Amino acid sequence: MSSWKGLLHAYDELLPLTEKTPKLSLNEGNTPLIGLENLSEQWGAEIYVKTEGTNPTGSFKDRGMVMAVAKAKEEGSKAVICASTGNTSASAAAYAARAGLRCIVVIPEGKIALGKLAQAVMYGAEVFEIQGNFDHALEIVRSISEKENITLVNSVNPYRIEGQKTSAFEICDALGDAPDVLSIPVGNAGNITAYWKGFKEYHESKGTALPQMRGFEAEGAAAIVQNRVIDYPETVATAIRIGNPASWSSAVEAAEESNGSIRYVTDDEILNAYQLLARKEGIFAEPASCASIAGLKKQLESGEIAKGSKVVCVLTGNGLKDPSTAIDTVTVKPTVIPNSEEAFLEKIKGGAAG
Ligand code: F0G
């Protein structure tokens with residue numbers, strides 16, 4: 001089998017590419033679908049995770065960004081711009097660097113995970129911190145992109161959705177069909193929109209089934225659940241700290257058409273799932289990602305998701321992006337030992353360190 005060359009090579013017939021679209025690639029996509037052996041047994045369901053944190057910049061954004069930046073380049077744009085809670089900016093910066101475009105990013109001051117900021121600056125983006133939140137930043141960059149010759153690469157850019165839908169194709173290919181339930185975090189609501197589009201397209205072209213789409217917002221940023229704009233969203237899951245999702249109506253449509261739902265999970269539930277996933281399965285995903293696991297746990301307990309269901313949870317970003325939350329969440333710190341094997345042996349014979 002030929003080696004993986006990224007989404008624009010793998011899905012050229014299922015994406016809106018032309019002969020002029022540059023075959024931009026950082027070998028994104030083709031991410032592992034991993035069965036959760038321990039939690040499946042414990043919770044009574046067949047659970048898989050789609051580990052999008054294994055993409056080149058550590059999040060699902062690379063799927064959409066490779067499309068959006070390739071199209072910007074094709075259309076002769078010299079610069080891209082985005083608002084971001086961190087992952088979009090990291091991805092935009094990487095693909096812009098690769099394509100030789102200028103990249104301007106606007107992030108909420110003091111509210112993005114350290115790893116994401118490190119990525120944007122390393123990839124050479126021009127980084128602006130707005131004294132406001134993501135929703136304010138998005139409003140400004142949308143307006144600027146309409147006035148200037150700068151391409152907006154937030155998920156309101158339709159090419160982002162096109163790229164991101166490919167994850168649904170990969171899930172169906174890996175399982176041989178769609179799962180019963182797709183559980184996914186919801187922030188700006190582009191990704192749930194993209195997955196639903198992907199599942200519907202595969203349903204039409206390949207006859208695969210349609211899953212129930214179950215989206216999860218964070219309690220302090222649950223605009224769709226509460227059916228109102230949240231002016232000051234707050235959550236430990238900074239990636240989904242969004243009070244006025246741009247793809248609001250298409251997310252509601254995905255939930256309704258698929259017989260699914262959009263609900264919220266609390267920060268405690270997110271952090272609990274975050275630790276469970278790492279400790280029971282050896283998978284470290286960032287807090288926002290774990291809204292999908294927290295939501296699944298809650299709905300298996302309430303009976304909203306039937307026991308025995310085949311469920312795929314989307315783990316949207318890598319845990320290493322946000323080391324501070326990990327360190328703050330886990331109270332056990334490394335045990336300091338003297339420089340002596342004997343003393344060390346004494347310590348570990350006593351049981352688990354710490
Ligand atoms: N999970 C992670 C890790 C994210 O970074 C995001 C969004 C989401 C989930 C939600 O996806 O917005 O499509 O509903 N991050 C954006 C950003 C907003 O700027 O990086 P969504």
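If you're wondering where the values come from, they're calculated on a predicted model, not measured in any experiment. Counting starts at 1 for both ligands and their atoms, following the listed order. Side chains are part of it too, since the values below use all heavy atoms of this structure and drop only hydrogens, waters and symmetry mates.
- Electrostatic pairing of E201 and K197 counts as a salt bridge here, judged by a charged N lying under 4.0 Å from a carboxylate O.
- Contact shell of ligand 1 (protein heavy atoms, cutoff 4.0 Å): F60, K61, S84, T85, G86, N87, T88, V186, G187, N188, A189, G190, N191, A239, I240, I242, E286, A288, T316.
- Without hydrogens or angle criteria, T235 side chain to A218 main chain gives no donor-acceptor distance under 3.5 Å.
- Salt-bridge annotation for E301 and K297: present, with a side-chain N of the basic residue lying under 4.0 Å from a carboxylate O of the acidic one.
- Here R263 does not pair with E217 in a salt bridge; the nearest charged N to carboxylate O distance is not below 4.0 Å.
- Using a 4.0 Å cut-off between charged side-chain N and carboxylate O, K349 and E346 make no salt bridge.
- A distance below 6.0 Å separates the ring centres of Y11 and F169.
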